[in-house]
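Here the structure comes first, spelled out in structure tokens, and everything after it is commentary.
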Amino acid sequence: MLFCAAIFFGSGSLFAQSEPKVTSFVDTTFIKIGEQIRFDIHVEMDSTAQVIFPEGQTFSPLEMVESFAADTVKKADRLLLQKSYLLTQFDSGVYVVPRQRIAINEQPFFTDSLQIAVATVPVDTLTQKMYDIKPLVAVDKPWSDLWWILLWVVLTLLVLGALVYWFVFRKKPLSPEEKEALLPPFDRALLELKRLENSKYLIQDEYKQYYSELTDIVRSYLEEDVHVSALESTTDQLITKLELMKDAGELKLEEETINQFKKVLMTSDLVKFAKSKPEMSAAEEDRKAIEQIVIKTKEALPEPTEEEISRSEEYQMELAKKKQRKKVWLTAAAAVAAVLVLGIAAGAYYGFAYVKDTVLGHPTKELLEGEWISSTYGFPPITLETPQVLLRQQVKLSPEDMANFKEIQAFMYRSSAGLFTVAATSATYTQPVEAEVDKAIEQVLKGFEAQGAKNIITKQEAFSTLSGVKGLKIYGSGQFATPTSKALEKGQYTILFFGGNGFQQQVILTWLDGDSYAEEMVERILRSVDVKLNV
């Protein structure tokens, strides 16, 4: 043995100079619940050595409260690194601070285990007033950025709805021109004749314009109320139509009224086409004559029958319904356009699949964006961060296999939809033997096959936790059974294996192939994995 040591280290004096020395201390071995102890690790080494101290919750069952930066002290030709931790425990009992692994030039060195007693705090229930337990308080989960976009979508739709109501459905006050257009033909004709009376056409010698408006007023009235094509008819044609209606009993006009109307129309033709210029008083009399003709024509019209009145009311109701349908379609089109524009904008920025999954829901996306939990499972402990707490599982093994294990602790979360699964297992052997990696992996793969998996492809590579613990990563793909599908679906899996003298630890992950949200969760879980390789 001395010979081997001499060959490996070169000489006895060199071995004495280069061998690191690791020691650990605590400031007290007795605390009350919630109090803290200071755990110090001193490493004496050469100045060229590289040291990695334990990080994370490696002191379980005690909880690390704070980790201080390492101090460096020069001691002769060597360096002394001093690393301190604050530890606590909130349950009474006697606990053992497990051996801590320090990597020096990638070689493992371990501290001694220490026993800590945690005492309860006495509570005076006689003089101390007791209170009821406070109820649970609901805490809202933070929204993702996309939910803020959806909020803006809702606000935009509300604004759009308000604008549509204001410009489409709201009963706007009518302008004077609109009010006049809604008047019955008879009232509108009298109003226009009154306006013509107050015009300045005659004062400004604009007789052609005066007579054009005068005849247009009476022709429009006849067109609307008498239902005779008057606007496109010549004077003779219009008079002939009125006489025919009079003879047929459809219009009870006197012959004198028709002649008077014909006279005014002929005067208008002379003014418009022959540039005739009658006296101003004659022009005013012609306007009065037209006003009387309109009044007499209104009186000469027969009273509408009940059928005509009913038909008119139905027509007006149908017009109102068409107008209402037009407003509804306009509003619906505007809303759909707004949703499409906002959906396209959100899809272009976040991706259409992400927007669809956010609106319609996606099981693994909800897990990814939910509140994650960091916890330690089993003994030797496995620490990892997961979207849900892993629940303790009942382990069933054959009596022959169970004879080899002192204790097996298994924890798992399985999604109710899809293939996403997280499992952590710690086991200790009855004998201090090294863990058989190949046999353990074979058992996991047989478990996959027992659940219906086929065509399993296996690869492996080295794996290292953030604290520097080395392990083995087995990964690959296969076809797996899922709760939501009768057929096998293509999936991925990863198995992390850690082991040592008398124990083994495993972390198992499965998920559907192509599920980007599950892939993000797997990467996050793998980054958080930490284990302690001691029993």
Side-chain angles (χ1 to χ4, degrees), residues 357 361-378 380-397 408-427 437 439-461 463 465 471-499 504-531:
D357 293 338
H362 193 284
T364 52
K365 180 178 182 297
E366 294 171 2
L367 286 174
L368 174 64
E369 296 178 349
E371 184 177 355
W372 283 54
I373 299 164
S374 180
S375 187
T376 301
Y377 302 93
I382 302 174
T383 301
L384 67 163
E385 188 181 18
T386 57
Q388 295 288 338
V389 175
L390 307 187
L391 301 180
R392 185 179 293 271
Q393 305 294 311
Q394 188 70 29
V395 180
K396 295 181 180 180
L397 293 177
I408 300 178
Q409 300 178 62
F411 305 83
M412 183 175 68
Y413 167 77
R414 185 191 302 275
S415 174
S416 59
L419 184 62
F420 183 74
T421 304
V422 186
T425 304
S426 290
V437 179
K439 186 175 181 181
I441 300 304
E442 182 181 354
Q443 288 178 343
V444 174
L445 297 179
K446 284 183 177 179
F448 287 165
E449 293 175 349
Q451 295 176 359
K454 295 182 179 179
N455 303 325
I456 299 176
I457 299 174
T458 301
K459 303 177 183 178
Q460 68 178 40
E461 62 183 30
F463 182 83
T465 66
L472 187 64
K473 176 181 176 182
I474 297 90
Y475 63 99
S477 61
Q479 292 179 307
F480 297 86
T482 62
T484 57
S485 176
K486 294 182 179 179
L488 297 179
E489 296 190 59
K490 187 174 182 182
Q492 304 285 333
Y493 72 91
T494 292
I495 306 170
L496 300 183
F497 183 89
F498 305 92
Q504 69 173 23
Q505 299 155 301
Q506 296 177 12
V507 176
I508 303 173
L509 301 164
T510 62
W511 67 98
L512 283 177
D513 187 38
D515 188 344
S516 59
Y517 309 113
E519 292 172 357
E520 287 188 50
M521 286 194 290
V522 169
E523 291 186 11
R524 182 172 174 178
I525 293 171
L526 293 179
R527 289 195 301 267
S528 70
V529 172
D530 202 1
V531 296

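These numbers come from a predicted model, not from an experiment. Quick note: residue numbers are just sequence positions, from 1. Side chains are part of it too, since the values below use all heavy atoms of this structure and drop only hydrogens, waters and symmetry mates.
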Can you name the salt bridge (charged side-chain N to carboxylate O under 4.0 Å, His left out) partners of E385, sequence neighbours left out?
R524

To check you understand the geometry: which heavy-atom pair defines the closest contact between T425 and I382, and what is its length?
O-CD1, 3.5 Å

Report, one line per pair, each donor and acceptor closer than 3.5 Å where one atom sits in a side chain of residues 452-461; sequence neighbours left out.
{"residue": "N455", "atom": "ND2", "partner": "Q479", "partner atom": "OE1", "Å": "2.7"}
{"residue": "T458", "atom": "OG1", "partner": "Y493", "partner atom": "OH", "Å": "2.9"}

For the student: nearest non-hydrogen atoms of P380 and A427, plus distance
CD-O, 4.5 Å

Separation of F480 CZ from E449 CD (nearest 0.5 Å):
10.0 Å

Which value, rounded to the nearest 0.5 Å, describes the distance between T510 atom OG1 and R414 atom CZ?
7.0 Å

E519 side, atom CD; L509 side, atom CG - distance, nearest 0.5 Å
12.5 Å

Within the distance-only criterion (no hydrogens, no angle test), does the side chain of T421 pair as donor or acceptor with the backbone N or O of L419 below 3.5 angstrom?
yes

Looking only at non-hydrogen atoms, find the nearest pair between Q492 and G476 and report the distance.
OE1-O, 3.1 Å

Considering non-hydrogen atoms only, spot the tightest contact between P381 and Q505 and give its length.
O-NE2, 3.3 Å

Look at the side chain of Q388 and the backbone N and O of T386, then say whether any donor-acceptor pair between them is shorter than 3.5 Å.
no

The reported gap from CG in D530 to OG1 in T465 (rounded to nearest 0.5 angstrom) is 4.5 Å

Which atom pair, heavy atoms only, marks the closest approach of W372 to M521?
CZ2-CG, 3.5 Å

Derivation of the side-chain contact (heavy atoms from CB on, under 4.5 Å) call for V507 and F463:
CA-CA 12 Å; V507 176; F463 182 83; over 6 Å; no

Give the intermediate values and the outcome of side-chain contact (heavy atoms from CB on, under 4.5 Å) for residues F420 and L368.
CA-CA 11 Å; F420 183 74; L368 174 64; over 6 Å; no

